[in-house]
Amino acid sequence: MARSTFARIIATTLFLCGCWIAYTQSQRPPAKLTLNKVKPDLYEIEGDGGNVAAYVTSDGVILVDDKFEQDYDNIMANIKSVTSQPVKYVITTHHHSDHSGGNVKFIASAEIISTLNARNNIVERKQPNAPANLVPARVTFTEESDVFLGGKEVRARYFGRGHTNGDCVVYFPALKVLHTGDLMAGNTPLIDYAGGGSLLEWAHTLDAALKLDFDTVIPGHGPVTDKASLLAYRNNVEKLCRRAAGLIREGKSQEEVGKVMAAEFGWAPNSMQMQWSLPGMMQELK
Ligand SMILES: [Zn+2]
């Protein structure tokens, strides 16, 4: 009797834990989103997850990224405020659920495109805290994939590792705009080593992207900015890499390197940088 009561308590506790995890991961209340016009027919939707780009054409809308599943209704409401065209394509910049979580809703009516590595990272569940229902792209590429719709063109390019091993940048050639995904996000890089990221290769990857002809940048997170800011971000990635590599080659411990990253590059204690990036950096840069 005592044993069965104990078993029931354990089972109930596990069930409640499971519900709580599911709730926090996929049932959070929708956040308020903001729509900004970037260039003619190109909009950026900010808030909650990664920045969405929406390119309106006479034959449909091309999206870059789609935030979390719970943001779907608000993304669609924002798009409907500027066009009645349906979303036909979603380009997923990388596998993280704050950029690809909406795929589960868009897959019914739109084609989803990503690098092969980004698809594999979703299929192989490389993001430890991702919701179970992440949907990978049906169409993949390794170097470049172009979408032509309604007389307009979008180019998704893969230039190498950085934030993950599957980040593409998305180029709007007629508008001279680049969506960088999380190759530019916030003030300081997050290297996802479990997802194949590389601090050593990141600046090199951005060098290739910077050769494109653009003046406006939609970063993965943060406000729309310009090419000079992307170059400054790239230079900071290189500076951080050199600083960390110097310390690691001097034999400094992970804790000591973390303290310098906090003091000089603004890494917060218990941040994703400290948890996801620092242990991998100790291996990659030694
Ligand atoms: Zn990311």
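Side-chain atoms are counted along with the backbone in the values below, which use heavy atoms only and exclude waters and symmetry mates.
- Without hydrogens or angle criteria, Asp66 side chain to Phe106 main chain gives no donor-acceptor distance under 3.5 Å.
- Between the side chain of Asp71 and the backbone N or O of Phe68 there is at least one donor-acceptor pair closer than 3.5 Å.
- No more than 12 heavy-atom neighbours from other residues, nucleotides or ligands sit within 6.0 angstrom of CD on Glu143.
- Side-chain atoms of Thr93 and Asp65 form a donor-acceptor pair, as typed in the model, at a separation below 3.5 Å.
- Under the 4.5 Å side-chain criterion, counting only non-hydrogen atoms from C-beta, Val177 is not in contact with Val217.
- Judged by distance alone, the side chains of Asn121 and Gln127 never bring a donor and an acceptor atom under 3.5 Å apart.
- Connectivity analysis of hydrophobic side chains (ILVMFWY, heavy atoms under 4.5 Å, direct or indirect) links Leu190 to Met272, Trp276.
- Within the structure, ring pair (Phe, Tyr, Trp, His ring centres under 6.0 Å) pairs that include any residue of residues 33-67 comprise Tyr55-Phe172 (at least two apart or interchain).
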Evaluate Ser100 against Asn103 for side chain to side chain donor-acceptor pair (under 3.5 Å), listing each step before the verdict.
CA-CA 6 Å; Ser100 63; Asn103 288 1; 4.9 Å; no
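- One side chain, Glu44 or Asn36, offers a donor N or O that lies under 3.5 Å from an acceptor on the other.
- Applying the side chain to side chain donor-acceptor pair (under 3.5 Å) test to Lys286 and every residue at least two apart in sequence or in another chain returns Gln283.
- Residues Asn78 and Ser81 bring no donor and acceptor atom of their side chains to less than 3.5 Å of each other.
- When the salt bridge (charged side-chain N to carboxylate O under 4.0 Å, His left out) test is applied to Lys239, no partner is found at least two apart in sequence or on another chain.
- Checking side-chain atoms of Lys88 against main-chain N and O of Asp59 turns up a donor-acceptor pair under 3.5 Å.
- Not a single ring-ring contact (aromatic ring centres under 6.0 Å, His included) links Phe159 to another residue, sequence neighbours left out.
- The salt bridge (charged side-chain N to carboxylate O under 4.0 Å, His left out) search around Asp207 returns Arg234, not counting sequence neighbours.
- Side-chain N or O atoms of Tyr89 include none that pairs as donor or acceptor with a backbone N or O of Leu149 at under 3.5 Å.
- Sequence neighbours left out, the pairs with a member in residues 178-194 that pass side-chain hydrogen bond (donor to acceptor under 3.5 Å, both in side chains) are His94-Asp182, His96-Asp192, His99-Asp182, His163-Asp182, Asp182-His221, Thr188-Trp267, Tyr193-Glu284.
- The cationic group of Lys67 does not satisfy the cation-pi geometry with Tyr72, failing either the under 6.0 Å distance to the six-membered ring centre or the 45° limit from the ring axis.
- Listed by chain and residue number, Glu255 satisfy the salt bridge (charged side-chain N to carboxylate O under 4.0 Å, His left out) test with Lys259 (two or more places apart in sequence, or in another chain).
- Under the 3.5 Å distance criterion, the side-chain polar atoms of Thr205 are matched with a main-chain donor or acceptor of Arg161.
- Between Cys168 and Arg157 the shortest side-chain heavy-atom distance does not fall below 4.5 Å.
- The side chain to side chain donor-acceptor pair (under 3.5 Å) test applied to Lys126 returns Glu124, not counting sequence neighbours.
- In this view, Gln275 satisfies the side chain to side chain donor-acceptor pair (under 3.5 Å) rule with no residue, not counting sequence neighbours.
- Under the salt bridge (charged side-chain N to carboxylate O under 4.0 Å, His left out) criterion, Arg125 pairs with no residue, sequence neighbours left out.
- For the side chain to side chain donor-acceptor pair (under 3.5 Å) test, residues two or more places apart in sequence or in another chain that qualify with Lys152 are Asp41.
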